[in-house]
Amino acid sequence: MSRSANYVISGVWKDKSGDITHVMLHSVNDGDSWEIGEKTSEASTIALLKKGNVIRTIVWGYPGWTIKSKVTYVQGFGKEYLRSEANATPKDNLDNLISMKAIK
């Protein structure tokens, strides 16, 4: 069996500015099942992408989770940022995934 990604992201942590600092990253098994997630820094996630790993978002929609948008990274303002592919479905974009921690 094959898999559509090496990792999937189910949620994000953001700082007070609204920038992603960490993601809930799950490794993907053959057949597109995934493991329990682990809080992973944005920099570590970008390092995985640079090594050629495919990362996608996953979203909840009854009756379960679905693998969706491909995740890449971009450079801007002297920093690297995670980015989901541009498509017509905002629901699967990184910015709209589960907020893992309330901003104070």
Side-chain angles (χ1 to χ4, degrees):
M1 292 183 134
S2 63
R3 56 184 169 182
S4 59
N6 302 99
Y7 298 92
V8 290
I9 296 173
S10 62
V12 296
W13 282 264
K14 297 179 183 178
D15 63 15
K16 291 181 181 178
S17 303
D19 294 330
I20 294 171
T21 61
H22 294 80
V23 299
M24 182 60 75
L25 191 71
H26 309 256
S27 60
V28 177
N29 302 312
D30 287 341
D32 280 344
S33 63
W34 48 85
E35 302 291 330
I36 293 174
E38 183 175 317
K39 183 178 181 181
T40 305
S41 71
E42 179 184 46
S44 294
T45 306
I46 290 170
L48 289 170
L49 289 166
K50 288 180 176 181
K51 290 180 181 177
N53 289 287
V54 175
I55 302 176
R56 294 185 171 274
T57 60
I58 56 173
V59 296
W60 175 257
Y62 187 79
W65 294 91
T66 305
I67 296 177
K68 291 290 197 169
S69 182
K70 189 172 182 182
V71 176
T72 60
Y73 68 97
V74 294
Q75 293 182 322
F77 305 105
K79 186 180 181 306
E80 295 175 323
Y81 298 91
L82 288 172
R83 179 181 181 145
S84 46
E85 68 185 346
N87 61 21
T89 310
K91 180 180 178 181
D92 65 3
N93 294 336
L94 285 169
D95 229 19
N96 296 321
L97 295 182
I98 298 169
S99 177
M100 301 303 286
K101 182 177 177 184
I103 300 172
K104 295 181 180 182

Atom [atom1] in [X], atom [atom2] in [Y]: separation rounded to 0.5 Å?
X      : Y     : atom1 : atom2 : result
Met100 : His22 : CE    : NE2   : 12.0 Å
Ile20  : Ser84 : CD1   : OG    : 7.5 Å
Thr45  : Leu82 : OG1   : CG    : 5.5 Å
Ser27  : Asn53 : OG    : CG    : 10.5 Å

Could you go step by step and tell me if Arg83 and Lys70 meet the side chain to side chain contact (heavy atoms under 4.5 Å, CB included) rule? CA-CA 9 Å; Arg83 179 181 181 145; Lys70 189 172 182 182; over 6 Å; no
Transitive ILVMFWY side-chain link [X] to [Y], under 4.5 Å:
X     : Y     : result
Val59 : Ile98 : no
Ile9  : Trp13 : no
Val28 : Ile46 : no
Tyr62 : Trp65 : no

Would you call Lys68 and Glu85 a salt bridge, taking side-chain N to carboxylate O under 4.0 Å as the test?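 Salt bridge absent between Lys68 and Glu85.
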Salt bridge between Lys14 and Asp95, side-chain N to carboxylate O under 4.0 Å?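 Yes, Lys14 and Asp95 are salt-bridged.
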Tell me whether the count of non-hydrogen atoms from other residues, nucleotides or ligands lying under 6.0 Å of NZ in Lys51 goes above 12.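 No.
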Is it the case that over 12 heavy atoms from other parts of the model lie below 6.0 angstrom from the CD atom of Glu38?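 Atom CD in Glu38 is not packed in, count stays at 12 or less.
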Between His26 and Ser10, is the side chain to side chain donor-acceptor pair (under 3.5 Å) condition met? List the steps. CA-CA 8 Å; His26 309 256; Ser10 62; 2.7 Å; yes
Val12 and side chain to side chain contact (heavy atoms under 4.5 Å, CB included): which single residue from Val23, Asn96, Thr57 fits?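 The side chain to side chain contact (heavy atoms under 4.5 Å, CB included) with Val12 is passed solely by Val23 among Val23, Asn96, Thr57.
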Residue among Val8, Leu25, Asn29 satisfying side chain to side chain contact (heavy atoms under 4.5 Å, CB included) with Trp34: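 Result for side chain to side chain contact (heavy atoms under 4.5 Å, CB included) with Trp34: Val8.
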How close do Glu42 and Tyr81 get, heavy atom to heavy atom, and via which atoms?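 Minimum heavy-atom separation between Glu42 and Tyr81: OE2-CA, 3.5 Å.
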Which atom names give the shortest non-hydrogen contact between Ala5 and Arg56, and what distance separates them?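 Residues Ala5 and Arg56, closest heavy atoms: CB-CG, 4.0 Å.
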Keeping the roles fixed (side chain from Asp15, backbone from Thr21), state whether a donor-acceptor pair exists under 3.5 Å.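 It does not hold such a pair.
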For residues Val71 and Leu94, determine if any side-chain heavy atom of one lies less than 4.5 Å from a side-chain heavy atom of the other.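 Val71 vs Leu94: side chains touch.
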When you look at Asn6 and Leu48, which way does the side chain to side chain contact (heavy atoms under 4.5 Å, CB included) test go after all the steps? CA-CA 9 Å; Asn6 302 99; Leu48 289 170; over 6 Å; no
